[in-house]
Amino acid sequence: KGQIGEVHQLLDEIEAIGLHMDLVAYSILIHGYCKLGEIERALQVCQMMCSKQVMPNSFTHGAILSGLCKKGMLEEARWYLDNLASNGQMVDIILYNIVIDGYAKIGDVDGALELYEQILKLGLSPTIVTYNTLIFAFCKIGKLTVAEHFLRQIELNGLNPTVVTYTTLMDAFVGAGNTDSMLRMFDEMIEKATMPNVITYSVVMKGLCKQGRLQKAIDILKYMHMAGICADQITYNTLIQGFCEVRNIEMAFRIHDEMLQHNLMPTPVTYNLLINILCLKGKVDYAEQFLNSLLDKGVRLR
RNA sequence: GAGCCAGCA
């Protein structure tokens, strides 16, 4: 939750009682700092634990690697990873996955592939997460054919595609304007008895909206309720975005209302969409009124 | 008791 103040209080308390932080506790702390983007602090904690003879393990290194990757510091992450390996430490597949994902996120498929090959050379077994990440990497740069090739590779390697595998590909197809292939993937997933989740359905809805099949998208939402899959804020935002695209203020707000009825707090994205469509329709005064009502309620707008 | 992958303006 990013409540670092509370954490410091606890640390003081731990010390006051005379307890000692152990490996898990330190790793969690390091993970927390990395999530906040405070790599410096994380590394300091890592140094401190070492000085207390508590040696980092793979979880600890994983936290640091994700932190570096999230900051886009791939050079550093790569250096860190290579160092672990050359120091004879056991580098497990998860650490590779983390850095491969780092490359994927910045669109560096070569970096990702290089590590993938290193994994194979070391005799480590790629996991489904490795493949999902590689698929994401290729989707990200628009090489959907290669991405789909990896889907087949997964099965050849005796692994099972997961909901993440399919959803990643589906989203890429939607992004490429190929809703038919998205639906083809969806069917394949169902055939393989893989359960779609809220993210999968949101992607399906995004594709349908993009094709202007808004009623179909609403049908999906209804189906989700029936199937007991809770739509979340992103699901609703996706639908609202669909209606904004066709300038249907009425429906956009109706979905917003439905969101509230389901006890989901609209997000800043929701409000941006609604205010934007009001403006686009020339109802700037209305938009301002809406905005002011939000400000009065003290709603978080970013 | 802790670590990796997918969706919204």
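Reminder, nothing fancy here: chain letters follow the sequence lines and each chain counts from 1.
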Taking the side chain as every heavy atom from C-beta outward, state whether [X] and [Y] have any pair of such atoms under 4.5 Å apart.
X	Y	result
A:Lys52	A:Tyr26	yes
A:Leu239	A:Thr235	no
A:Thr270	A:Met259	yes

Ignoring hydrogens and angles, does a donor from either the side chain of [X] or the base of [N] sit under 3.5 Å from an acceptor on the other?
X	N	value
A:Thr235	B:rG7	yes
A:Ser58	B:rG3	yes
A:Asp232	B:rG7	yes
A:Asn97	B:rG3	no

Is the gap between the ring centers of A:His61 and A:Tyr80 under 6.0 Å?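 When the ring centroids of A:His61 and A:Tyr80 are compared, they turn out to be within the sub-6.0 Å range.
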If you check the [X] side chain, which of [options] turns out closest?
X	options	value
A:Thr168	B:rC8, B:rA6, B:rA2	B:rA6
A:Asp101	B:rC5, B:rG7, B:rA2	B:rC5
A:Ile98	B:rC4, B:rA2, B:rC8	B:rC4
A:Ile234	B:rC5, B:rG7, B:rG3	B:rG7
A:Asp22	B:rA6, B:rG1, B:rC4	B:rG1
A:Val203	B:rC5, B:rG7, B:rA2	B:rG7

May I ask you to decide if the ring planes of A:Phe150 and A:Tyr131 are parallel, tilted or perpendicular, using 30° and 60° as cut-offs?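 Because their plane-to-plane angle lies in the 30° to 60° range, the rings of A:Phe150 and A:Tyr131 count as tilted.
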Rounded off to whole Å, could you give me the [atom1]-to-[atom2] distance for the [X] and [N] pair?
X	N	atom1	atom2	answer
A:Met224	B:rC8	CE	P	15 Å
A:Leu29	B:rG1	CG	P	20 Å
A:Ile64	B:rG3	CD1	P	15 Å
A:Met185	B:rG7	CE	P	17 Å
A:Ile229	B:rA6	CD1	P	20 Å
A:Tyr96	B:rG3	OH	P	22 Å
A:Phe59	B:rA2	CZ	C1'	6 Å
A:Met21	B:rA2	CE	C1'	11 Å

Applying a 4.0 Å non-hydrogen cut-off, can you work out what [X] is touching in the nucleic acid: base, sugar-phosphate, or nothing?
X	value
A:Thr238	sugar-phosphate
A:Leu95	base
A:Asn276	nothing
A:Lys105	sugar-phosphate
A:Val24	base
A:Ile94	base

Is A:Lys35 near enough to B:rC4 that one of its side-chain N or O atoms lies under 4.0 angstrom from OP1 or OP2?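 Answer is no, no contact under 4.0 Å.
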Would you kindly check if the NZ (Lys) or CZ (Arg) of A:Lys283 is within the cone defined by 45 degrees around the ring axis of A:Phe290 and under 6.0 Å from the six-membered ring centre?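 Verdict for A:Phe290: no cation-pi partner in A:Lys283.
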